[in-house]
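Not measured: the values here are computed from a predicted model. Residues: numbered from 1 along the sequence shown. Start at 1 and go down the list; that is how both ligands and their atoms are numbered.
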Amino acid sequence: MESEPRYRRVLLKLSGEALAGADGSGIDPDVLHKFAGEIAAVHHLGVQVGLVIGGGNYFRGAKGVGIERATGDYMGMLATVMNALAMGNALEQRGVRARVLSALPLGPVCESFDRRAALGYLDEGRVVLFAAGTGNPYFTTDTAATLRAIETGCDALFKGTQVDGVYSADPKKTKDAVRYDRVSYSEALAKDLKVMDATAIALARENAIPIVVFSIHNPGAFAEVVAGRGRFTVVGEGA
Ligand code: UDP
């Protein structure tokens with residue numbers, strides 16, 4: 001039975017790699033359209049949805065390429081724009097109106113990020129895709145997701161990952177890894193729990209926005225978790 005969603009407005013963060021096929025790069029069309037369906041399901045619940053997708057499936061920084069860090073980071077930000085354009089289009093194909101807003105001005109490609117425009121689109125019921133991260137090198141899309149979630153007044157930041165919550169160690173590698181239902185920001189930072197990078201967690205803590213970590217691979221999981229059901233870990237205050 002459907003229960004009432006607990007949230008009015010949420011932001012979903014997906015890694016770029018989540019969109020990739022078995023070879024870990026580019027966009028797998030089946031995965032793209034599956035995730036578009038997950039987002040559409042939450043949109044149909046009447047919840048306003050913002051979205052940040054990473055860029056790791058195309059490019060993640062300068063490491064190993066022999067170029068300077070800032071240039072590599074700009075390339076990474078451009079990679080996130082490609083993912084946002086693809087997802088925006090996949091959503092529109094399902095009849096879900098979507099808008100891509102880029103932190104780096106890209107003229108004819110998509111609109112530039114503007115907070116008031118984003119708020120207006122969210123209120124109109126469009127899914128807003130925040131592309132190009134924060135627009136600054138030396139940051140990540142986890143930090144961008146936290147920033148956009150805070151500045152657009154989201155009730156929570158949802159992080160769709162490969163596993164169903166936060167563990168004391170990688171459960172795929174460590175047999176006796178302990179899974180948390182709730183964990184505090186400070187504990188996540190102190191134990192380096194790999195929820196998000198430290199900058200993102202510190203920003204979430206400072207602004208008391210809960211981070212809900214769940215597996216994006218379980219069908220229907222995003223809508224379930226938004227309704228407060230299913231398996232997830234909440235990173236929050238005094239947990
Ligand atoms: N990036 C950046 N500033 C930002 C967001 C992203 O410089 O505000 C760059 C950075 O090089 C990063 C890459 O874009 O490695 C891709 O983002 P991220 O690694 O967060 O993607 P994900 O791991 O979620 O796919």
Side-chain angles (χ1 to χ4, degrees), residues 11-28 31-32 34-36 38-39 50-88 90 100-106 109-110 112-115 118 128-152 154 157-163 166 170 172 188 192-204 207 209 211-217 222 235:
L11 191 137
L12 174 66
K13 160 75 205 305
L14 295 177
S15 73
E17 269 160 358
L19 292 186
D23 69 350
S25 71
I27 294 175
D28 180 323
V31 178
L32 176 74
K34 184 178 86 175
F35 289 165
E38 293 287 316
I39 295 158
L51 190 61
V52 169
I53 308 176
N57 54 326
Y58 284 119
F59 196 80
R60 180 175 288 137
K63 253 189 204 154
V65 187
I67 54 170
E68 60 172 355
R69 166 83 191 258
T71 301
D73 282 349
Y74 281 113
M75 292 169 71
M77 285 183 255
L78 291 173
T80 74
V81 177
M82 293 202 278
N83 287 331
L85 290 172
M87 181 59 80
V100 177
L101 303 182
S102 170
L104 297 172
L106 287 170
V109 178
C110 56
S112 295
F113 172 73
D114 174 290
R115 178 172 168 269
V128 176
L129 296 99
F130 299 102
T134 62
N136 299 287
Y138 304 97
F139 287 99
T140 64
T141 51
D142 278 349
T143 300
T146 310
L147 173 65
R148 296 301 184 226
I150 295 164
E151 67 181 325
T152 58
C154 287
L157 167 57
F158 286 74
K159 173 141 176 165
T161 67
Q162 311 291 329
V163 289
V166 178
D170 184 345
K172 286 178 180 156
D192 193 18
L193 288 180
K194 312 280 177 232
V195 179
M196 299 203 298
D197 60 81
T199 308
I201 297 175
L203 186 62
N207 294 279
I209 184 166
I211 306 163
V212 182
V213 182
F214 69 103
S215 170
I216 190 69
H217 293 289
F222 185 30
V235 185

For [X], counting its heavy atoms only, list the atoms of ligand 1 lying under 4.0 Å from any of them.
{"X": "Gly56", "result": "21 (O), 22 (P), 25 (O)"}
{"X": "Lys13", "result": "24 (O)"}
{"X": "Asn136", "result": "2 (C), 3 (N), 4 (C), 7 (O), 8 (O)"}
{"X": "Ser15", "result": "24 (O), 25 (O)"}
{"X": "Thr134", "result": "4 (C), 8 (O)"}
{"X": "Gly16", "result": "22 (P), 24 (O), 25 (O)"}

Would you say ligand 1 has an N or O under 3.5 Å from any N or O of [X]?
{"X": "Phe139", "value": "yes"}
{"X": "Asp73", "value": "yes"}
{"X": "Gly55", "value": "yes"}

Can you sort out the partners of Phe158 under ring-ring contact (aromatic ring centres under 6.0 Å, His included), two or more places apart, ordered by chain and number?
->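 If we apply the ring-ring contact (aromatic ring centres under 6.0 Å, His included) test to Phe158, skipping adjacent residues, the hits are Tyr7, Phe222.
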Lys159: partners by side chain to side chain donor-acceptor pair (under 3.5 Å), with sequence neighbours left out =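 Once residues adjacent in sequence are excluded, the partners of Lys159 under the side chain to side chain donor-acceptor pair (under 3.5 Å) criterion are Asp142.
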How far does CG of Leu19 sit from OH of Tyr58, to the nearest 0.5 angstrom?
->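 So the CG of Leu19 and the OH of Tyr58 are separated by 8.5 Å.
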From Thr141, Asn83, Leu147, Ile53 - option closest to atom 17 (O) of ligand 1 by heavy atom |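 When every heavy atom of Thr141, Asn83, Leu147, Ile53 is considered, Thr141 comes closest to atom 17 (O) of ligand 1.
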